[in-house]
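One structure is given below, encoded as structure tokens.
Side-chain atoms are counted along with the backbone in the values below, which use heavy atoms only and exclude waters and symmetry mates. Numbering of ligands and ligand atoms starts at 1, following listing order.
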Amino acid sequence: MMQYDVVIVGAGIAGLYAALHLPTSKKVLIINKAQPWECNTFYAQGGITTARNDADIPVHISDTMNAGAGMCNAEAVSVLSHQSQDVIDDLITRGFEFDRDDAGHLLYTKEAAHSENRILHAGGDATGRHIHHFLLGKNPHPMLSEATVIDLLIEEEQACGVLVDYKGTRRQIRAGHVIIASGGVGSLYEFHTNAYSISGDIQGICVEKNIKLEMMEMMQFHPTVYVGNTSVQKQLLSEALRGEGAIVEDENGYRFLFDYDEHGELAPRDIVSRAIFDYSQKHHQQVYLSFKKFDNEYFQKRFPNIYLNLNALGFNLPRQRVPISPAFHYAIGGIKTNLDGEVESVKGLYAIGEVASTGVHGANRLASNSLLEGLVFARRAAKKVLAFKATECPQIVQVTEEVLIREGDKAKKDRLRRIMWDKVSIVRTHDGLREAKEEIDAMLVKKIGRLLKLRLLTAREIVKSALARKTSIGVHYIS
Ligand code: SIN
């Protein structure tokens with residue numbers, strides 16, 4: 001058994017930024033399920049939002065609340081926006097380099113539903129990768145990679161650590177503060193943009209332990225994804241492309257999005273995703289993202305990774321258009337926390353980043369608010385950790401002894417991904433949701449391994465929340 005002061009589960013932007021705010025006088029361990037770069041932060045392309053200045057704060061707040069369809073937690077949005085300039089300044093002061101123009105001024109781009117150019121980026125279209133690399137370089141604490149958290153140690157409503165499977169061996173890692181920063185649920189869906197390791201395991205443990213998840217029906221789909229590649233993770237085509245002039249068109253070059261919303265390509269993400277889905281179903285047409293407005297040289301400099309990745313898949317950008325489909329992108333719902341990342345029912349337990357539900361995104365997340373959320377709430381949680389002394393945990397804590405993987409799990413896992421895509425994605429029906437729940441329930445009573453069970457518990461929670469919300473709002477659309 002290993003004893004730490006703080007255990008952080010997950011090494012994306014939230015986990016690493018929290019770690020950066022914990023001094024080395026504290027014994028901190030970061031636990032990471034796969035290789036350090038396999039997190040959603042690494043794959044984030046477009047950028048990170050910030051209020052441009054104090055005058056922009058109310059505008060950023062209003063854009064966030066409007067995108068969130070009135071379901072945001074106003075206090076959380078206010079915290080997010082008011083602290084945005086501060087966390088960005090902190091990154092810059094520590095040496096992070098955002099993209100700048102030749103005169104050295106920060107470059108701000110635009111994404112859908114922002115009324116201002118307020119998105120900072122790095123490496124052109126590799127913002128997440130650059131921030132992740134930077135934070136990894138600054139991280140002062142040890143990291144245990146390729147360790148899967150298979151249980152939370154909780155006794156008498158106090159967090160006591162985690163149980164991990166490390167290369168086939170189970171270990172208890174004890175700590176009085178446990179910060180969960182493990183990301184969303186991408187692998188529950190057949191088509192998604194997430195790192196392969198993101199599969200909602202900890203949300204499943206929370207279901208088992210009666211730790212409250214909220215807004216789980218709010219699953220966000222990115223409108224412009226190339227899904228023709230063979231890997232599980234699909235190729236994101238950043239919203240910044242549309243922000244800078246890429247257009248969505250049908251096979252004949254018709255810009256049908258304006259039939260759905262006057263803002264066309266720059267309408268909120270849920271509207272664009274649904275319009276693409278609806279149009280391609282009704283008209284049996286392939287939908288494309290076209291870059292004809294871009295100059296060749298500018299495109300390669302501004303979007304170097306999209307250029308290279310799509311080139312490797314056989315597309316000559318910006319001359320050639322790319323067939324697109326919406327795909328699962330971001331879990332808005334998650335572990336309910338307060339404004340300091342605390343899970344109020346368990347002392348010493350925190351959730352930050354995509355795994356958390358702070359309420360900032362409401363029913364539809366405003367583009368590029370998620371990296372910002374990761375920074376702002378990670379720092380607040382780290383401050384809380386430092387302000388409180390954890391209580392002693394008992395020596396013996398009940399943990400799972402379930403087998404992790406059983407024969408037949410892989411086929412059931414694939415079936416789950418299909419059910420979620422067919423019945424719990426962009427357009428839902430009550431019948432479809434009920435069928436999804438029945439199938440998930442049936443799989444849960446079979447002899448299955450723990451890892452599949454945790455996925456199923458999380459998926460069931462998404463379906464149950466979707467069934468409980470009878471009317472359409474934001475990303476939750478019931479036909
Ligand atoms: C993108 O680059 O389109 C992703 C931005 C986001 O998900 O916020």
Side-chain angles (χ1 to χ4, degrees), residues 12-14 39-50 60 63-64 67-68 72 77 80 84 98-99 107-114 117-132 183-186 189 191-195 198 218-227 233-248 265-273 276 289 291 299 302-307 309-310 317 322 324-332 334 353-354 360-362 364-376 474-475:
I13 190 167
C39 59
N40 284 346
T41 301
F42 184 88
Y43 295 102
Q45 295 179 350
I48 180 164
T49 307
T50 178
H60 174 225
D63 286 350
T64 301
C72 302
V77 177
L80 180 82
S84 62
F98 286 104
D99 293 340
L107 285 167
Y108 295 89
T109 191
K110 191 173 177 125
E111 290 182 6
H114 284 271
N117 284 28
R118 62 164 81 88
I119 311 214
L120 290 166
H121 46 89
D125 55 3
T127 313
R129 177 145 57 92
H130 279 231
I131 295 180
H132 192 251
V185 306
Y189 282 91
F191 299 110
H192 67 81
T193 61
N194 291 190
I198 304 294
M218 300 303 176
M219 296 289 137
Q220 188 173 57
F221 294 81
H222 197 289
T224 56
V225 181
Y226 175 67
V227 298
Q233 181 188 21
K234 302 303 174 191
Q235 179 64 50
L236 180 69
L237 292 158
S238 173
E239 194 144 328
L241 289 160
R242 275 175 287 133
E244 296 194 23
I247 58 172
V248 173
E265 280 83 4
L266 294 182
R269 195 172 276 185
D270 59 325
I271 293 175
V272 179
S273 290
I276 294 174
L289 191 64
F291 315 96
F299 190 93
R302 174 69 182 90
F303 300 106
N305 297 287
I306 293 174
Y307 172 78
N309 290 341
L310 270 293
L317 267 50
V322 175
I324 50 160
S325 156
F328 174 81
H329 186 56
Y330 185 86
I332 291 172
E354 190 175 347
V360 287
H361 307 306
N364 180 37
R365 178 178 63 91
L366 184 68
S368 288
N369 262 355
S370 45
L371 292 180
L372 176 62
E373 183 197 19
L375 294 178
V376 167
V475 295

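- Here the heavy atom of the protein found nearest to atom 8 (O) of ligand 1 is Ser368 N, 2.6 Å.
- You'll find the ring centres of Phe303 and Phe291 outside the 6.0 Å limit.
- Close approach of ligand 1 to His329 is summarised as follows: ligand atoms under 4.0 Å from at least one heavy atom of the residue are 4 (C), 6 (C), 7 (O).
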Could you go through the side-chain contact (heavy atoms from CB on, under 4.5 Å) check for Thr50 and Tyr108 one step at a time? CA-CA 9 Å; Thr50 178; Tyr108 295 89; 4.0 Å; yes
Test side-chain contact (heavy atoms from CB on, under 4.5 Å) on Asp63 and Arg118; report intermediate values, then the result. CA-CA 11 Å; Asp63 286 350; Arg118 62 164 81 88; 2.9 Å; yes
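- The shortest contact between atom 3 (O) of ligand 1 and any protein heavy atom is with Glu239 N, 2.6 Å.
- For ligand 1, the atoms closer than 4.0 angstrom to any heavy atom of Gly46 are 1 (C), 2 (O).
- For ligand 1 and Ala367, the ligand atoms under 4.0 Å from any heavy atom of the residue are 8 (O).
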Worked verdict on His361 versus Met218 for side-chain contact (heavy atoms from CB on, under 4.5 Å): CA-CA 9 Å; His361 307 306; Met218 300 303 176; over 6 Å; no
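- Residue-to-ligand polar distances place Ser238 within reach of ligand 1: an N/O pair is separated by less than 3.5 Å.
- Among the atoms of Glu111, none of the N or O lies under 3.5 angstrom from an N or O of ligand 1.
- The protein non-hydrogen atom at the shortest distance from atom 6 (C) of ligand 1 is Arg269 NH2, 3.2 Å.
- A donor-acceptor pair under 3.5 Å links the side-chain atoms of Thr127 to the main chain of Gln45, judged by distance alone.
- Put simply, no part of Gln220 is less than 4.0 Å from ligand 1, judged by heavy atoms.
- Relative orientation of the His114 and His60 rings is parallel, given thresholds of 30° and 60° on the angle between their planes.
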Quick one: do Leu80 and Glu373 satisfy side-chain contact (heavy atoms from CB on, under 4.5 Å)? Show the steps, please. CA-CA 6 Å; Leu80 180 82; Glu373 183 197 19; 4.0 Å; yes
